[in-house]
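Just below is one structure, and these are the notes that go with it.
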Amino acid sequence: MTYNVQIKVMPLKDLLDPQGKAVMGGLKNLGISTIEDVRIGKHITLQIEADSADAAKAIADDACKKLLANPVMEFYEIEMIN
Amino acid sequence: MKFGIVVFPGSNCDRDMQDALQNDLNKEVIMLWHKDEDLSMFTTDDYIVLPGGFSFGDYLRCGAIARFSPMMQSVIAFANKGGKVLGVCNGFQVLCESGLLPGTLLPNGNQQFVCKNVYIKNDSLPKALKIPIAHGDGRYYADDKVLNELEANNQIIFRYTDEFGNLDLSANPNGAIRNIAGICNKERTVFGMMPHPERATTPNLGNLDGVEVFRLFGMN
């Protein structure tokens with residue numbers, strides 16, 4: 001069966017995210033001043049052919065570890081859609 | 001000593017590196033396509049160079065996809081048996097993604113692509129060298145444990161300084177932690193740096209400081 005998997009990759013919390021900072025500056029300029037922090041990451045969707053949801057999740061996790069996220073600078077979360 | 005320069009799709013400093021090594025430093029250079037994997041013409045006395053550019057369009061993360069090119073598997077094996085490897089700019093990013101060097105290169109702290117001459121200093125040199133940089137993702141980062149190890153083993157080969165060689169935060173063009181511009185591995189066989197020494201090896205460009213960098217790496 002084909003599983004739809006969504007992966008969120010975000011910069012580590014302690015790291016400066018210059019992109020997020022620049023966007024927050026833009027939001028402030030728009031007058032939206034109650035936003036206290038903006039951080040920007042990546043959203044990746046995968047379609048995985050696997051025998052079970054657990055197997056699909058394991059494949060996604062392996063893909064994250066090997067390529068999709070770099071643990072030195074990022075963390076990731078995997079969400080199974082079906 | 002021979003030099004192999006790996007060309008990835010999106011490399012754009014490969015010919016600059018070839019020109020500097022071949023014509024300015026008089027070295028034998030072999031260009032290597034990333035899809036090939038033969039390094040049998042090189043011994044561990046030779047150097048493989050990963051040039052600057054935007055390999056694979058910098059998709060996902062700089063250097064992340066180039067790391068899986070067939071030639072990179074050979075380069076990693078070559079490095080692991082003691083062969084010498086230099087990565088400049090995007091090449092440095094590829095080395096970090098490959099795990100041949102620790103840490104990573106983050107987007108510049110000022111969110112801008114920076115293209116200018118900077119000064120870098122190595123403790124063994126009497127003065128700072130003027131070398132150009134051109135990158136958007138040059139903010140070196142590693143955790144404290146790795147940084148302390150790099151310092152203890154003298155693996156930080158270049159730091160950004162002012163023109164007099166003083167460590168100064170305002171001389172840091174990208175927010176790199178501890179002003180780090182270049183590092184090497186513990187064995188001192190794999191080198192990575194963001195500045196471009198190959199752009200400073202001829203009087204025609206008005207700057208010969210890059211020759212000093214290549215000398216420091218034992219390449220000249």
Side-chain angles (χ1 to χ4, degrees), chain A residues 3-30 32-33 35-49 56-79 81, chain B residues 55-69 72-73 76 90 92-114 135-150 169 172-180 183 192:
Chain A
Y3 291 89
N4 290 310
V5 181
Q6 299 197 349
I7 296 166
K8 183 177 87 175
V9 181
M10 292 298 292
L12 290 178
K13 293 199 164 66
D14 289 342
L15 291 183
L16 166 73
D17 172 20
Q19 204 181 172
K21 219 175 156 186
V23 169
M24 193 165 95
L27 290 169
K28 280 218 170 2
N29 289 342
L30 279 174
I32 309 175
S33 56
I35 296 173
E36 288 177 354
D37 193 24
V38 178
R39 295 183 74 77
I40 296 179
K42 301 184 187 95
H43 183 94
I44 302 168
T45 62
L46 303 176
Q47 291 197 325
I48 300 175
E49 186 59 38
K57 193 169 182 182
I59 290 167
D61 193 57
D62 190 44
C64 286
K65 285 203 169 77
K66 287 184 175 152
L67 176 63
L68 301 179
N70 179 344
V72 180
M73 58 202 252
E74 296 163 328
F75 69 94
Y76 63 89
E77 284 166 15
I78 298 171
E79 191 186 348
I81 298 305
Chain B
S55 57
F56 294 89
D58 276 353
Y59 292 166
L60 195 65
R61 294 179 308 276
C62 302
I65 301 177
R67 173 248 179 284
F68 293 99
S69 281
M72 272 313 294
Q73 311 320 304
I76 291 167
N90 188 226
F92 185 15
Q93 295 161 342
V94 175
L95 288 176
C96 287
E97 282 285 341
S98 311
L100 286 175
L101 290 175
T104 191
L105 283 312
L106 297 167
N108 293 346
N110 58 11
Q111 181 71 3
Q112 283 173 15
F113 189 95
V114 181
H135 59 246
D137 295 62
R139 177 167 47 117
Y140 183 77
Y141 172 78
D143 63 30
D144 282 338
K145 185 172 168 282
V146 170
L147 292 169
N148 293 339
E149 223 173 274
L150 288 174
L169 268 186
N172 184 338
N174 51 33
I177 199 155
R178 303 192 193 181
N179 276 37
I180 292 173
I183 59 169

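All values derive from a computational prediction rather than experimental measurement.
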Examine whether an atom of B:Arg139 lies under 4.5 Å from a heavy atom of chain A, and if so say whether it belongs to the side chain, the backbone or both; otherwise answer neither.
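Only the side chain of B:Arg139 comes within 4.5 Å of chain A.
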
Go through the structure and list residues passing salt bridge (charged side-chain N to carboxylate O under 4.0 Å, His left out) with A:Asp61, not counting sequence neighbours.
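So A:Asp61 forms a salt bridge (charged side-chain N to carboxylate O under 4.0 Å, His left out) with A:Lys65.
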
Could you tell me which residues in residues 71-79 of chain A have at least one non-hydrogen atom under 4.5 Å from a non-hydrogen atom of chain B, sorted by residue number?
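So the qualifying residues are A:Val72, A:Met73, A:Glu74.
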
With a 4.5 Å heavy-atom cut-off (strictly below), which parts of residues 5-16 of chain A touch chain B? List them by number.
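Within residues 5-16 of chain A, the residues that come under 4.5 Å of chain B (heavy atoms only) are A:Leu15, A:Leu16.
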
Nearest heavy-atom neighbours spanning A:Pro18 and B:Pro107:
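What the structure gives for the nearest pair is CG-O, 3.9 Å.
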
So if I take each residue of residues 57-66 of chain B and look for any heavy atom under 4.5 Å from a heavy atom in chain A, which residues do I end up with?
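So the qualifying residues are B:Leu60, B:Arg61, B:Ala64.
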
Largest heavy-atom contact set with chain A, pairs under 4.5 Å, which of B:Asp143, B:Asn110, B:Leu106
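Among B:Asp143, B:Asn110, B:Leu106, the one with the most close pairs to chain A is B:Leu106.
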
Within 6.0 angstrom of A:Lys21 NZ, more than 12 heavy atoms from elsewhere
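It does not: A:Lys21 NZ has 12 such atoms or fewer within range.
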
